[in-house]
Engineer: 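Provided herewith is a single structure, encoded as structure tokens, for subsequent inquiry.
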Amino acid sequence: MNNKLFDSIIKAKGVGQIISKKLNEKNIYTKIDLLLRLPIGTIDRRFCPTLDQLEIGKISTIFVRPIKYNFPRIRNLPFRVTCEDNFGKIDIVFFNVRENYIRQQLPLNTEIIISGKITIYKNKFQMTNPDYIQTIDKEMSIKKIMSKYLNISGISPKTIQKIYFEESKDISEIEEWHDKNFINERGWSSWSSSIKKLHNPETNDDINKNSNYYERLAFDEILSNLLLFKKIRKRIIRKTKINKEISKEYLNTIQQKLPFKLTKDQIKVINEISIDLGSSKKMMRLLQGDVGCGKTIVAFITAACVIKNDYQVAIMVPTEILAMQHYKLFKNLFKDENINVELISSSIKKEKQKTILNELLSGKIDLIIGTHSLFQNRIKFKKLGYIIIDEQHKFGVKQRIELASKGDTNTDVLLMTATPIPRTLIITNYGDLDLSTIKEKPFNNNITTFLKPNSKIDDVLNFIEKRINSSDQVYWVCPIIDESEKLNVKAVNERLKFLKNKTSYKMECIHGNLKEQERDKIMINFLEKKLDLIVCTTIVEVGLDNPNVNTIVIENSERFGLSQLHQLRGRVGRSGNEACCLLVYHKNLSELSKKRLKIIKDNLNGFLIAEEDLKLRGYGDILGFKQSGEKDFLIADPIYHSHLFDLAKEYVDKIDDTKKFEILLKIFNKQKIYNIIDAG
Ligand code: ADP
Ligand code: MG
């Protein structure tokens, strides 16, 4: 294990404090972290034309002699160096470069190598700010295929390239964890030579996703995930818990008091959960179901059953508005059940918070609902029996695992998500979980979706006027423009101002910068119909349930992911009412954007939309890893490498002794996660 690969990145050649810090920001802490971020492409510098063979736009490596400098003294005019070979001439053009540098790098009448892109200016070939200028003896270090890496802000591309070049030059061999036969059958090479080749490709094909080198690494990455979950699962199974008694009679009585009849799928899922709760194995279950399929009630009913067993229950949600909403709904639906439910949020006064904490410890509170910060605090329960995490896609894998390991053995865990997860990801990222799915919805969706270019915003205003006059309410969603909250707030405020100028509705706006209390107040006013319209960012996306709102306008809809649009649209028509969704788009739509919006317009099924989205967009942010700042795979591609996912699944099931794979877990940094569980 004493391998240099695991050294801190600061030990890499060319990396000092500053660069090391920049790399840390990108989650690169060790040399291996760096190497696992593979090149994003190659630059082929093997084309070496003579000056009569130049081609526009082509990366070329030329062998020339500088013969004349031209250093104009006028600002903004570039420096030029005329060069020649035996067949012609070319101007090398420099912007923002010092004269001295040029005299040094391009001494007159000396043969040098220059590599860069050929362009044309006033009918003559030229090369602007060349990528490389080298003395003639360095021919072989230039005339080759070079790897191109992702830009890291604050580090120049050339520096990045150099660091990679040094680190990938000689990578020492690591003891092989696979059988020789397994490797040979697939034509794979050792781990070390594979990664070395990917950084120093000889042909463009070497770095393709289907090259033997790439596949070997992708497979190992997938396997490391599976191994981790295998270990976690083993740990969970090893623990036995005291089973909870779920009585059929009690289930029936609560169901009878509901204002509606449960759907078949809801009953099926409640049953699956009940079996887990009643068994002596800790439950780790993922409940998947499209927006509006009624997951909340499933959570509530099963929670009530656990409370009946004298355990406490915690429900975690991503936003405070949602927590508040769940709290009210629970109180309302279960008012006869003698269940003591509390809401905990940062907007609750310190004193009240203290009381709540005390009552959780004493066991007076049966059910606590709050945001996930709830669990980061030092909350102690008397007897926590069940954790429910709503809209789990907003949490990262690591967060989830940390959380699950918090409760003691007797704590069952249910995760709920409206985001359909592709099969390959279920295999690797949810390998620790059992899966329940709700397919049918309580109502047929009755949402009509319209597309409108933003040039026709007056039509949109006329339309919502009609809706509001017939006592409908409206969400008006502005896109998240930027990672900076400031700009988003500005956009929302501007929209509100615009609408206030044009119309006379009662409206407010909500966004991430408002205090929770203000936000809640607005949402409550909206719920009580004191407002007609709310301008907001995607803050409404996660799970809000206001059955009165039947119109949603989404601006710049082409900027959203399809699953996200579907989630947003799912905010309306929640009681089966006839509802509508206006997707406003920028009028110069690309073909791809047109196709995407058409998918949304024509489909109301979230699973179908997710599949189509995946095909069009490729695997990206399905699980919301962007929000949680975590990326699940550096190398493997869950769509492209689905065969490797299947292979890895088969492979991991046959492994008994995980010892020789320890190093694999270390390479892909899974050990840390595992240690959390181990400690918990
Ligand atoms: P989600 O799965 O998106 O979290 P919710 O649990 O918020 O969906 O349910 C959507 C709406 O459907 C809520 O207003 C809820 O009260 C209602 N609902 C849930 N189950 C049923 C049912 N079986 N019959 C009628 N309405 C239901
Ligand atoms: Mg929900």
Side-chain angles (χ1 to χ4, degrees), residues 251-252 254-273 285-304 315-335 369-372 388-395 414-421 435-447 473 475 523 526-527 538-550 552 563-579 581 604-607 609-610 624:
L251 269 175
N252 279 336
I254 13 185
Q255 280 179 39
Q256 247 130 53
K257 287 183 197 158
L258 292 178
F260 45 71
K261 247 182 92 207
L262 292 180
T263 64
K264 262 203 253 100
D265 277 0
Q266 282 172 321
I267 293 172
K268 175 196 80 178
V269 167
I270 290 175
N271 197 32
E272 286 166 0
I273 296 171
R285 186 171 281 279
L286 176 69
L287 170 55
Q288 238 190 334
D290 201 0
V291 240
C293 73
K295 295 182 291 292
T296 313
I297 196 69
V298 170
F300 285 0
I301 291 175
T302 50
I315 300 182
M316 275 174 56
V317 296
T319 68
E320 302 216 358
I321 299 177
L322 200 56
M324 164 77 83
Q325 182 187 296
H326 278 11
Y327 170 73
K328 288 197 172 144
L329 183 66
F330 191 92
K331 269 185 101 128
N332 187 10
L333 289 178
F334 292 77
K335 49 185 175 294
I369 301 176
T371 55
H372 72 289
I388 298 165
I389 307 169
D390 194 9
E391 305 295 350
Q392 87 82 32
H393 68 285
K394 297 278 156 183
F395 303 108
L414 180 70
L415 307 162
M416 306 202 289
T417 182
T419 310
I421 303 167
L435 188 67
S436 286
T437 310
I438 298 183
K439 287 216 171 100
E440 70 184 320
K441 292 190 186 176
F443 323 99
N444 279 329
N445 277 104
N446 198 0
I447 310 175
Q473 288 172 290
Y475 289 120
M523 290 313 288
F526 197 45
L527 203 62
T538 47
I539 216 161
V540 294
E541 170 201 352
V542 269
L544 280 192
D545 189 25
N546 182 344
N548 305 326
V549 191
N550 287 312
I552 186 165
S563 290
Q564 202 179 15
L565 282 178
H566 179 63
Q567 287 265 345
L568 283 167
R569 181 172 60 181
R571 295 309 114 214
V572 298
R574 289 186 70 86
S575 38
N577 290 341
E578 177 255 320
C581 168
L604 283 170
N605 178 322
F607 280 79
I609 291 170

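Both counts, for ligands and for their atoms, begin at 1 and track the order of listing.
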Engineer: Look at atom NZ of Lys439 and say whether more than 12 heavy atoms of other residues, nucleotides or ligands are closer to it than 6.0 Å.
Structural biologist: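 Atom NZ in Lys439 is not crowded, with 12 or fewer foreign heavy atoms closer than 6.0 Å.
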Engineer: Using distance alone, with no hydrogens and no angle criterion, decide if Thr417 and Gln288 have a side-chain donor and acceptor under 3.5 Å apart.
Structural biologist: no
Engineer: Do the non-hydrogen side-chain atoms of Gln266 and Ile438 ever get within less than 4.5 Å of each other?
Structural biologist: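 Gln266 reaches Ile438 side chain to side chain.
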Engineer: So if I count the atoms of ligand 1 from 1 in the order they appear, which ones are less than 4.0 Å from some heavy atom of Lys261?
Structural biologist: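 This gives 22 (C), 23 (N), 24 (N) as the contact atoms.
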Engineer: State, to 0.1 Å, how close Gly606 and Asp290 come at their nearest heavy-atom pair, and which atoms those are.
Structural biologist: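 For Gly606 versus Asp290, the nearest heavy atoms are N-OD2, 2.8 Å.
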Engineer: Restricting to non-hydrogen atoms, name the atom on Ala304 and the atom on Ile254 that form the minimum distance, rounded to 0.1 Å.
Structural biologist: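 Scanning both residues, the minimum pair turns out to be CB-CD1, 4.0 Å.
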Engineer: Determine whether Thr371 and Met316 make a side-chain contact, defined as any pair of heavy atoms from C-beta on separated by less than 4.5 Å.
Structural biologist: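 The answer is no, as the side chains (C-beta and beyond) never meet within the 4.5 Å cut-off.
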Engineer: Out of all atoms in ligand 1, which are within 4.0 Å of some heavy atom of Thr263? Include the element for each.
Structural biologist: 23 (N)
Engineer: Of all the atoms in ligand 1, which lie at a distance below 4.0 Å from a heavy atom belonging to Val291?
Structural biologist: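 That gives atoms 3 (O) of ligand 1.
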Engineer: So for ligand 1, is Phe260 a polar contact partner (N or O within less than 3.5 Å, distance only)?
Structural biologist: no
Engineer: Is Pro547 close enough to touch ligand 1? Criterion: a residue heavy atom under 4.0 Å from a ligand atom.
Structural biologist: no
Engineer: Looking at Thr296, which atoms of ligand 1 are within less than 4.0 Å of one of its heavy atoms?
Structural biologist: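 Once the distances to Thr296 are compared, the set is 4 (O), 5 (P), 6 (O), 7 (O).
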Engineer: Mark up the atoms of ligand 1 that fall under 4.0 Å of a heavy atom belonging to Gly292, in ascending order.
Structural biologist: 1 (P), 2 (O), 3 (O), 8 (O), 10 (C)
Engineer: Between Met416 and ligand 1, which residue portion shows a heavy-atom distance shorter than 4.0 Å: side chain, backbone, both, or neither?
Structural biologist: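 For Met416, no heavy atom sits under 4.0 Å from ligand 1.
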